[in-house]
Amino acid sequence: MAEESKSSHEETIKKHWQRTSRLVWSLVAIWFIASFIPPLFAPTLNQISFFGWPFGYWFSAQVTLATFIILLIINAKKSDKIDKEFGLHEEEEV
């Protein structure tokens with residue numbers, strides 16, 4: 001019976017890791033695209049000035065930073081949801 005429990009726990013951990021890993025790799029792919037695609041358009045966008053800065057530079061810097069912060073928030077919320085789904089979440093203190 002203890003072996004069944006251990007096997008079940010290991011299977012839960014394996015499924016949890018698969019879901020968490022898929023989430024992380026998806027977010028890394030989005031971050032990669034958001035970090036490296038906008039700069040490709042920078043030379044064209046730099047013809048426009050935005051608050052004294054070339055627009056391509058400003059756009060690339062702001063989009064990359066904003067995307068990274070949004071992805072951090074998404075990761076935290078979805079990771080917490082996955083942890084709760086598999087019963088591996090931390091207890092909240094009151």
For Leu40, side chain to side chain contact (heavy atoms under 4.5 Å, CB included) partners two or more places apart:
Ile37
Are Phe41 and Phe59 co-members of a hydrophobic cluster defined by side-chain heavy atoms under 4.5 Å apart?
yes
Are Lys84 and Lys81 close enough that some pair of their side-chain heavy atoms sits under 4.5 Å apart?
no
Taking the side chain as C-beta and beyond, is there a heavy-atom pair between Glu11 and Lys15 under 4.5 Å?
yes
Say whether Phe51 and Val63 are linked into one hydrophobic cluster, either directly or through other cluster members, by side-chain heavy-atom distances under 4.5 angstrom.
yes
Shared hydrophobic cluster for Ile30 and Leu23 (ILVMFWY, side-chain gaps under 4.5 Å)
yes
Using the test side-chain hydrogen bond (donor to acceptor under 3.5 Å, both in side chains), find all partners of Ser26 that sit at least two apart in sequence or belong to another chain.
none
Rounded to the nearest 0.5 Å, the CD1 atom of Ile69 sits from the OG1 atom of Thr64 at a distance of 11.0 Å
Answer with yes or no whether the hydrophobic clustering places Phe68 together with Leu71; edges join I, L, V, M, F, W, Y residues whose side-chain heavy atoms lie under 4.5 Å apart.
yes
Crowded around Phe50 CZ? As in, over 12 foreign heavy atoms under 6.0 Å?
yes
Whether Phe36 and Phe32 hold their rings parallel, tilted or perpendicular, with breakpoints at 30° and 60°:
tilted
For the CH2 atom of Trp17 and the CZ atom of Arg22, what is their distance to the nearest 0.5 Å?
12.5 Å
For residues Ile82 and Ile13: do they belong to one hydrophobic cluster (side chain heavy atoms under 4.5 Å, members Ile, Leu, Val, Met, Phe, Trp, Tyr)?
yes
Could you give the distance from CG (Asn75) to CD1 (Ile70), rounded to the nearest 0.5 Å?
13.5 Å
Smallest separation among heavy atoms of Ile33 and Pro38, with atom names
O-CD, 3.5 Å
Going by heavy atoms in the side chains, are Thr20 and Lys78 under 4.5 Å from each other?
no
Could you tell me how the ring of Phe86 sits relative to the ring of His16: parallel (under 30°), tilted (30 to 60°) or perpendicular (over 60°)?
perpendicular
How would you list all residue pairs meeting side chain to side chain donor-acceptor pair (under 3.5 Å) that involve residues 31-54, not counting sequence neighbours?
Trp31-Ser35
